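Take a look at the structure below.
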Amino acid sequence: MAYDENLSARVRIALAGERANEKKMMGGLCFMVGGHMCVGVTQDKLMVRTGPAGHAKALTLKHAVPMDFTGKPLKGFVFVLPAGCGTQRAVDAWVKRALAFTATLQAKGR
């Protein structure tokens, strides 16, 4: 499955200075921080890891929808529709949210 290269480039810019690795998975491109999935790009949507506590709040934000691959939404992750991640500023804000949650996790040894 293809993913939006321009959106991926905006994510890379937003993650500049972070120790992030890219990994193709879940039908798109995921960006791992500390060994944990942080953000990703699936088709033309931004996938954002919010954590369970930030999930409901993130869904109140414009252009955020539940992340649903199997018919059951995955709690702790949201998709941001293309209208909500079309600029660097918008992507920066979503990536900042994902990094804040990922920072609460213990780094995985690799």
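Note that the structure is a prediction, hence the values are computed from the model and not measured.
Annotation: salt bridge (charged side-chain N to carboxylate O under 4.0 Å, His left out) contacts of Glu18 (sequence neighbours excluded): none.
Taking the side chain as every heavy atom from C-beta outward, Leu29 and Phe31 approach each other to under 4.5 Å. Looking at heavy atoms from C-beta onward, Tyr3 lies out of side-chain contact with Gln43 at the 4.5 angstrom threshold. The closest side-chain heavy-atom distance from Val78 to Val65 is not below 4.5 Å. In this structure the side chain of Leu74 never reaches within 4.5 angstrom of the side chain of Asp68, judged on heavy atoms. Within the 4.5 Å cutoff, the side chain of Thr102 has no heavy atoms near those of the Met32 side chain.
Between the side chain of Arg49 and the backbone N or O of Met37, at least one donor-acceptor pair lies under 3.5 Å. A donor-acceptor pair under 3.5 Å is formed between the side chain of Thr50 and the backbone N or O of Gly76.
Within the model, atoms SG of Cys30 and CG of Asn21 stand 12.0 Å from one another, a figure rounded to the nearest 0.5 Å.
Taking all atoms of both residues into account, the shortest heavy-atom contact from Trp94 to Ala58 is CH2-O, 4.0 Å.
Residues Phe101 and Leu61 do not share a hydrophobic cluster, defined by chaining ILVMFWY side chains whose heavy atoms lie under 4.5 Å apart. Side-chain heavy atoms closer than 4.5 Å link hydrophobic residues (I, L, V, M, F, W, Y) into clusters, and following such links, possibly through other members, connects Leu46 to Leu99.
In the displayed structure, Gln106 atom CD is contacted under 6.0 Å by at most 12 heavy atoms of other residues, nucleotides or ligands.
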For residues 81-88, dump all side-chain donor-acceptor pairs below 3.5 Å to protein atoms at least two apart in sequence or in another chain.
unit_1, atom_1, unit_2, atom_2, d
Thr87, OG1, Ala90, N, 3.1
Gln88, NE2, Arg10, O, 2.9
Gln88, NE2, Asp92, OD1, 2.7

